[in-house]
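Chain identifiers are assigned alphabetically (A, B, ...) following the order of the sequence lines, protein sequences preceding nucleic acid strands; residue numbering begins at 1 within each chain.
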Amino acid sequence: MIEHTEFLNGKEAAALASQDIKPYFIGEQAAMCYGASLGGGRVFNLGTMPEILAEQSNTRIPIVQNLVTSGKHLDTALNSGWIILLARNPQAVYDLNLAAVKIGEHTDIRLPVIVCYDEYFTHEQKHRLHVFDEGIQSFLGEPKAAITALDPNNPVTFGSKTFNTNKQHFMAMATARGVIFEVLNEFEKLTGRAYPILDAYRMDDAEYAVILLNTAAETAKDVVDQYRDKGLKVGVISPNVIRPFPIEDFITTLKNVKTIVVGDRAEGGNISLEIRAALQQDPNNKTVVLSRIYGKEFNEADVEAFFELAQNSRDAIPFDYYGCYKGEADYKPPKGLPVIDAKVASMATITGKSGNLKVELAPLWAIADVTNRIAPGHGACPGCGIFSMLRQIFSVLEGELVILFQSGCGMVVTTDYPKTAHRITYIQNDSQNGATTLSGLVEMYHEKVRRGELAESNDITFLMITGDGGMDFGMGDAIGAANRNHRMIIIEYDNQGCMNTGGQLSDSTPLGHSTGTVEKSFHHKDTAQIFAACHLPYVFTASEGFSEDLMRKVAKAQWYAKREGLVYGKIMSFCPLHWHTPDSVAQSVMQAALDCHFFPLYEVEKGKTTLTYDPDILGTRLPVTSWLKRMGKTKHLLNPKNAAILKSFETEVERRWKRIKAMHEHEEL
Amino acid sequence: MNDKTILPDHKKKFGIRFESIAGLGADTAAQILAKTAVLHLGLNSVQFSSYGHKKKGAAMRSFIRFSEKNIRSTAPIESPDVIVVFHSALLKNPATLAGMKADGILIYNGSDKLPANLSHLPSTTKLIQIDAQRIALKEKTSLDAVLLGTITAALPFLDFSTLQSIAPNKNAFQRGAQEFEILSNIGKGKGNLPISKPKPTFGYETAPIGGTFPCTGNTIENDLSTIRIQWLPILNIEKCVHCGICEMVCPDFCFVWAHGKNNQIYLQGIDYQYCKACLRCVESCSTGALRRKSEEPGMADKLGMRRLK
């Protein structure tokens, strides 16, 4: 057994394990990983989104998935039919990922396995760990898939909905207990690192114990050592395996324990309920079980409080929240700015009729006279384009507004409880379903107007703001709202990636651009054209670096959203953090993106496409390289070794530009 | 490999806390120190930065625990042996020095003109000042490259030659290790500083249900001026034509306007409480009325103007 030392966090340890295992496929989306694993080779899901597919366990297809949890994700996973291993530090993340492969693939089991660990504490904190130089493959053995979807000589039907697989599944879980024990034993012999099914720390003669999951248990061990030095009979119990639930191990370990306090981050305290149920099976057990739900952090002082509770359990209530802040009766949040007068002036005046609106814009300095609907003091990065975009949008929207943000940068930095930068009603929803939620509110508004409960003169405009990443996850819902043609506006700030979570790629990231994870390997999504194909009354593109154009289009957007239906706008928005530029260069970088044809500015008004900025006519045309050279995320594309990628990108940009131009020139297109 | 590295008290963990602004390299520096300790100095260590979103410009902390044994705790370090302050403006916030040990070391980046009264600092705490910003500019590198040198010089258990060989910039490291000052007679306090207590806010008995809160624009209370690292946009009103472009591009809504002759609106000045010095206004100003200037202590108070609420 040859190993070496590394210094990694849980995220890196999982990634390293996934490479060392040499799987056929490493994915991040549960459904894609399920598809890959149906083909019979080893599959590893490194994604951190808590998507646990029951389909995967029902069809008995092994896979290893990492689940990074704040507690509640574990709740959902518990009843998904997967085996669940708990990893308390990066070393355990690495080790248990290897063991998980072997456990799940065992011919008597064939079940998917989750390796679950704490977000932040394990996922992001760096620790010392030992990793294999060799010997992994001989430990794992060959994957043996009995049935695969890639064997044309033996066609198989996967997933008939009329056969109940539950009893078979239960039998496999029962067998898994012994197999997990064997595999972890073999792993210990190989490495010296022990993973007992139930980690019972200094429990031999313990009278009081705390039961904790993952990192919290490690913190508790330090306190137990101190208490033991003082002669107190205390211990800490933490499972390394939570599915199948280690019933017998809990019964044996808790035989002579007076009181336990079970600490859990999940709502409702599932683990304590299962421990109580397990102890019911031992008629002689007299252990008092107390359940406490704690928040994010769990420090030494909290362990001490738990032991204090265990020792004075006589009047303690069985279930409670721990460490919650009650608040102070006389606390008032900072008052903020006064409610905005509904009659906010707009910089735009609209004339003409549907299909041919004309917008007259006040001189730019008049913006200073328009009350902003968003306050200063938000926590965005220096130079963030979302906020200059919002300032420009708000300066042309008249009257009452309700705004919905999908999850993303703009959401995070404006609503740090109990402070808000929003001066109008603001709703947050996950990036999967913002458009559907807002269309529900639009329905309610029209119904209330119909019933006479709201005056029509209130005339509320409904506006959804999303990032381009949100328009990946939320595409289905947004298309649904578009097809229903709800009277609302969807504005996508396109900064070419998922910037809130570390600059990962989105479908809108252009080809070859480097991101927080990998270089983008396919072309950017043409969201505006997708929505144009929904035959909406108005679709537009704009740049926050070209205010007049943006404001004219947003004014039209409001006109159509009030009268005719859904409007979609895609607005290029500056992100110096992940474009890797100085904070100040928004104007020049975005101008180059317009001048090189990458981001055509146009509108599709009642089906008629009009280019609103044409660098060919203005004589400002630039090659794409003069845009790409300005950003750290794209400079490498000018290197001759990336010539093929550059060529492919240039060709695609030109093809799309010519297509829009043709539409501009021909009314029927 | 140095297997004999020992901590000042070999039974205890040794804790370092970096107080910084995201983007100044604190996380990188902490990673270099902790990783070197594990891979080259025979020590164990754990490194992590504060929980939450890592927006550029946001206040952040990074922590390192060193030990000769296994480290199990993942909790933030409330009472560190060393506090390193990457931006001297952070000294104005009492939470920056919370938990400072009486026999500990405080290292800060800044000039010897302290931006805040530090008389509450324990008199026995060693106070080290280094103008890392100036050195970093000269050596064309980042702050962490300089501060690594200062930290290594201050802590004998960090093997100097090992750290120097790993340092991202050798000159900056060397200058960081040499050009610091030990300030004396600043702290008058006795005993460790207390650990910080969170400010009161809504709790479960007082908060409106469902996480809703009926406020409008109360971020206006926030002071974001510590985010500025070097520059300040300065308005020369003589050159200003009041075109409004700065108002269009400013992400932080810092420009102050007022009505004047012909009932038109005129730019008056800049509210620096919200200014993060992105300098987008300077880039977009066509008349040169907005220019960047290196920010000196007190400059923003003198040249700024409060935005009318």
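When A:Pro582, A:Ala375, A:Pro334, A:Ala366 are compared by the number of non-hydrogen pairs under 4.5 Å with chain B, A:Pro334 comes out ahead. Highest contact tally toward chain A, considering only B:Ile227, B:Ile265, B:Ile71, is held by B:Ile265 [criterion: heavy-atom pairs under 4.5 Å]. Your options are B:Thr219, B:Leu224, B:Thr212, and the one with the most heavy-atom pairs under 4.5 Å with chain A is B:Thr219. Most heavy-atom pairs under 4.5 Å with chain A: of the set B:Leu279, B:Val241, B:Asn44, B:Leu267, this distinction falls to B:Asn44. Interface remark: of the candidates A:Thr5, A:Val585, A:Thr122, A:Leu390, A:Val585 forms the most heavy-atom pairs closer than 4.5 Å to chain B. The most heavy-atom pairs under 4.5 Å with chain B, out of A:Gly377, A:Gly327, A:Gly545, come from A:Gly377. Ranking B:Pro76, B:Cys254, B:Cys250 against chain A, the residue ahead of the rest is B:Pro76, based on heavy-atom pairs under 4.5 Å. Note on A:Arg88, A:Glu119, A:Glu300: by heavy-atom pairs under 4.5 Å with chain B, the leading option is A:Glu119. Of the listed residues (A:Ile374, A:Asn89, A:Asp118, A:Thr219), the greatest number of heavy-atom pairs within a distance under 4.5 Å of chain B belongs to A:Ile374. Interface check for chain A: of the options B:Gln273, B:Glu247, B:Arg292, the most heavy-atom pairs under 4.5 Å are formed by B:Glu247. Among the candidates B:Ile64, B:Thr74, B:Val282, the residue making the largest number of heavy-atom pairs closer than 4.5 Å to chain A is B:Thr74. The most heavy-atom pairs under 4.5 Å with chain B, out of A:Gln125, A:Glu218, A:Glu6, come from A:Gln125.
Minimum heavy-atom separation, A:Gly383 to B:Cys278: N-CB, 3.1 Å. In terms of heavy atoms, B:Thr201 sits closest to A:Tyr325 at O-CE2, 3.2 Å. Between B:Ala75 and A:Asn299, the shortest heavy-atom distance links the atoms CB-OD1, 3.1 Å. Considering every non-hydrogen atom in both A:Gly379 and B:Lys276, the closest pair reads C-NZ, 3.9 Å. Of all non-hydrogen atoms in A:Cys384 and B:Pro251, the two that sit nearest each other are O-CB, 3.2 Å.
In this structure, the side chains of A:Glu124 and B:Phe48 stay at 4.5 Å or more apart for every pair of heavy atoms. The closest side-chain heavy-atom distance from B:Phe253 to A:Asn372 is below 4.5 Å. Using a 4.5 Å heavy-atom threshold, the side chains of B:Phe202 and A:Pro418 count as touching.
The part of A:Phe574 that comes within reach of chain B is its side chain, from C-beta onward, which places non-hydrogen atoms under 4.5 angstrom from that chain. Proximity to chain B is limited to the side chain of A:Lys296, based on heavy atoms less than 4.5 angstrom apart. Neither the backbone nor the side chain of A:Ile386 comes within contact range of chain B; no heavy atoms are under 4.5 Å apart. Interface remark: B:Ala30 contributes no atoms to any contact with chain A (heavy atom separation under 4.5 Å). Looking at A:His422, only its backbone comes within 4.5 Å of chain B, counting heavy atoms on both sides. Contact of B:Cys215 with chain A is made through backbone and side chain together, with heavy-atom distances under 4.5 Å. Both the backbone and the side chain of B:Ser73 come within contact range of chain A, each with at least one heavy atom under 4.5 Å from a heavy atom of that chain. For B:Ile245, the part lying under 4.5 angstrom from a heavy atom of chain A is the side chain only. Looking at A:Ala586, the atoms closer than 4.5 Å to chain B (heavy atoms on both sides) sit in the backbone and in the side chain alike. There is no contact between A:Met389 and chain B, counting heavy-atom distances below 4.5 Å.
Under a 4.0 Å N-O distance rule, the pair B:Arg72/A:Asp225 qualifies as a salt bridge. Remark: A:Glu544 engages B:Arg280 in a salt bridge, criterion side-chain N to carboxylate O under 4.0 Å.
Between the OG atom of B:Ser45 and the CZ atom of A:Phe7 there is a distance of 4.0 Å, given to the nearest 0.5 Å. Interatomic distance, CD of A:Glu328 versus OG1 of B:Thr206, reported as 8.5 Å (0.5 Å rounding). For the atom pair A:Lys126 NZ and B:Lys35 NZ, the distance stands at 6.5 Å (nearest 0.5 Å). Note that CD1 of A:Ile367 and SG of B:Cys246 are 9.5 Å apart. Values are rounded to the nearest 0.5 Å.
A side-chain contact (heavy atoms from CB on, under 4.5 Å) with A:Pro376 is found for one member of B:Ile220, B:Asp252, B:Asp271 and no other, namely B:Ile220. A side-chain contact (heavy atoms from CB on, under 4.5 Å) with A:Arg128 holds for exactly one of B:Leu43, B:Val46, B:Leu39, B:Asn70; it is B:Asn70.
Between A:Tyr417 and B:Phe213, the distance from one ring center to the other falls under 6.0 angstrom.
A:Gln392 places a side-chain N or O within donor-acceptor distance of the main-chain N or O of B:Met248, the cut-off being under 3.5 Å.
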**Q.** side-chain contact (heavy atoms from CB on, under 4.5 Å) evaluation trace for B:Tyr204 with A:Cys324
**A.** CA-CA 7 Å; B:Tyr204 60 85; A:Cys324 278; 3.5 Å; yes
(Q) One pair to check against side-chain hydrogen bond (donor to acceptor under 3.5 Å, both in side chains): A:Asp369 and B:His259. What are the steps and the verdict? (A) CA-CA 9 Å; A:Asp369 243 351; B:His259 284 273; 2.9 Å; yes
Q.
Pair B:Glu283, A:Ser588 - check side-chain hydrogen bond (donor to acceptor under 3.5 Å, both in side chains), show working.
A. CA-CA 8 Å; B:Glu283 189 210 24; A:Ser588 45; 2.7 Å; yes
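Defined by atom type and a distance below 3.5 Å, a donor-acceptor pair is missing between the side-chain atoms of A:Lys335 and B:Asn218. A donor-acceptor pair shorter than 3.5 Å cannot be found between the side chains of A:His378 and B:Asn222.
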